[in-house]
Amino acid sequence: MENVIKNRAEILFLYDVSFANPNGDPVDENKPRIDEETGINIVTDVRLKRTIRDYLAYYKGKEVFIIETRKDNGELRTKKDRIEDFGTNEDIIAKCIDVRLFGATTAVKDKMMILTGPVQFKYGKSLHRVNLMYVKGTTVMPSGEGREQGTFTEKYILPYSLIAFYGIVNENAAINQNIPLTDEDVDLMLEGMWNGTKNLMSGSKMGHMPRLLIEVVYQENNYQIGELEKRIKFVHEMEDEEIRDIQDGKLDITELVAVLKQNQEKIKLIKYIYDDRVTFTCNGEECTLEKSLKGLNIQKLQY
């Protein structure tokens, strides 16, 4: 199939959250998800995919299958309604960029589609322990008839969390399932990760900032280094729970740079972008990402 991706790729994405809720758990008072054993903040892959989908739909004008749509009377449309916007499953795949990226599972009467998306992400995890904060406030408007005063509001937030996501672009999943995922689709997804994170501006999400995005594209099929998110550290001189800003520490890329250079012959291209407030360190000294990756084929993304 023409134009389908031919190379495997790995993705490392870091963003941080300041006084916000990166991913609430609906069955636990919408609290940010925290591993009770380690104090590490957890963010689901579904949350990241929602960020990407919303950016592609609302800012890039792309057709997205998994998105909220409403009837003329304001009621939410069902999955069946959404499927009927298209013809065949092939039509959905061809038109909807999120299905080409992440796959889909739909089963409505005589229509069924089960696709494993070529792009998959692990759960995101903070690079440090986090501190859960409970915030209570008031509203000026009464909650119902007969009440004369406003009501209390309450929410849970994290003062700070630096979150790392790891993902993979599996060329075999695209080819074997006849999913026409293109390099352009993947590039748009990367843009959605970076700019979509900036555009999280709701009351609970305000305070998100992308910090580092790297895509490693390989020469060889069926090969990846793996676990790139475990090869980067956030080093600092304070207690984890006291961290409030990206400049309270430095990103140690020593192990990441070393493993990339060890696999230099297998790497076709490294795409990257980082926020200018990030300070990198390598082998115990401050460094730049460009100089650290010298000798590799690199391309800086411009968003």
- Is E229 salt-bridged to K122, cutoff N-O under 4.0 Å? yes
- Task: With sequence neighbours excluded, tell me which residues meet side chain to side chain contact (heavy atoms under 4.5 Å, CB included) with D245.
- Result: Q247, D248, R277
- Item | Partner residues of D28 under the side chain to side chain contact (heavy atoms under 4.5 Å, CB included) criterion, sequence neighbours left out | D25, K31
- Task: May I ask you to decide if the ring planes of H236 and F234 are parallel, tilted or perpendicular, using 30° and 60° as cut-offs?
- Result: tilted
- Query: Does the ring center of F13 lie less than 6.0 Å from the ring center of F121?
  - Reply: no
- Task: Give me the ring orientation class for Y223 and Y218: parallel if the planes are under 30° apart, tilted from 30 to 60°, perpendicular past 60°.
- Result: perpendicular
- Between E242 and Y160, a side-chain donor and acceptor under 3.5 Å: no
- Query: Does the side chain of E191 come under 3.5 Å of the side chain of Y55 through a donor N or O and an acceptor N or O?
  - Reply: yes
- Consider only side-chain N and O atoms of E154 and Y134, and report whether a donor and an acceptor are under 3.5 Å apart. yes
- Item | S126 side-chain N/O to R129 backbone N/O, donor-acceptor pair under 3.5 Å | no
- Message: If you count heavy atoms of other groups shown closer than 6.0 angstrom to CD of E184, is the number above 12?
- Response: no
- Would you please test E63 and R82 for salt bridge (Lys or Arg N to Asp or Glu O under 4.0 Å) and show each step? CA-CA 12 Å; E63 187 75 75; R82 188 66 177 133; 3.0 Å; yes
- Exam field: side chain E265 to backbone Q219, donor-acceptor pair closer than 3.5 Å: no
- Does any pair with a residue in residues 169-193 pass ring pair (Phe, Tyr, Trp, His ring centres under 6.0 Å), and if so which ones, sequence neighbours excluded? none
- Query: Does K62 come within less than 4.0 Å of D98, counting only side-chain N to carboxylate O?
  - Reply: no
- Item | Exceeds 12 heavy-atom contacts within 6.0 angstrom, atom NZ of K261 | yes
- Please state whether the rings of Y274 and F280 are parallel, tilted or perpendicular, taking 30° and 60° as the class boundaries. perpendicular
- Query: Less than 4.0 Å between a side-chain N and a carboxylate O, is that true for R70 and E68?
  - Reply: yes
- Message: Are more than 12 heavy atoms, taken from residues, nucleotides or ligands other than K300, located less than 6.0 Å from that residue's NZ atom?
- Response: yes
- Message: Can a side-chain donor-acceptor contact be found between Y272 and Q299 if the only test is distance below 3.5 angstrom?
- Response: no
- Item | G295 backbone acceptor or donor facing Q264 side chain under 3.5 Å | yes
- Greater than 12 external heavy atoms within 6.0 Å of Y123's OH: no
- Task: Would you tell me whether S161 and N41 have side-chain atoms, one donor and one acceptor, within less than 3.5 Å of each other?
- Result: yes
- Item | Stepwise salt bridge (Lys or Arg N to Asp or Glu O under 4.0 Å) check, E286 with K250 | CA-CA 9 Å; E286 288 191 14; K250 301 174 183 179; 3.0 Å; yes
- Task: Answer yes if the side chains of D91 and T88 hold a donor-acceptor pair under 3.5 Å, and no otherwise.
- Result: no
- Task: Apply salt bridge (Lys or Arg N to Asp or Glu O under 4.0 Å) to the pair K233 and E255, showing each step before the final yes or no.
- Result: CA-CA 9 Å; K233 297 179 177 65; E255 186 178 349; 3.5 Å; yes
- Considering residues, nucleotides and ligands other than K271, do more than 12 of their heavy atoms fall under 6.0 Å from its NZ? yes
- Cut-off 3.5 Å, side chains only: do T281 and D252 have a donor facing an acceptor? no
- Please answer whether the main-chain N or O of A173 pairs with a side-chain N or O of Q177 as donor and acceptor at a distance below 3.5 Å. yes
- Message: Would I34 and I42 count as a side chain to side chain contact (heavy atoms under 4.5 Å, CB included) here? Give the steps.
- Response: CA-CA 6 Å; I34 298 176; I42 299 170; over 6 Å; no
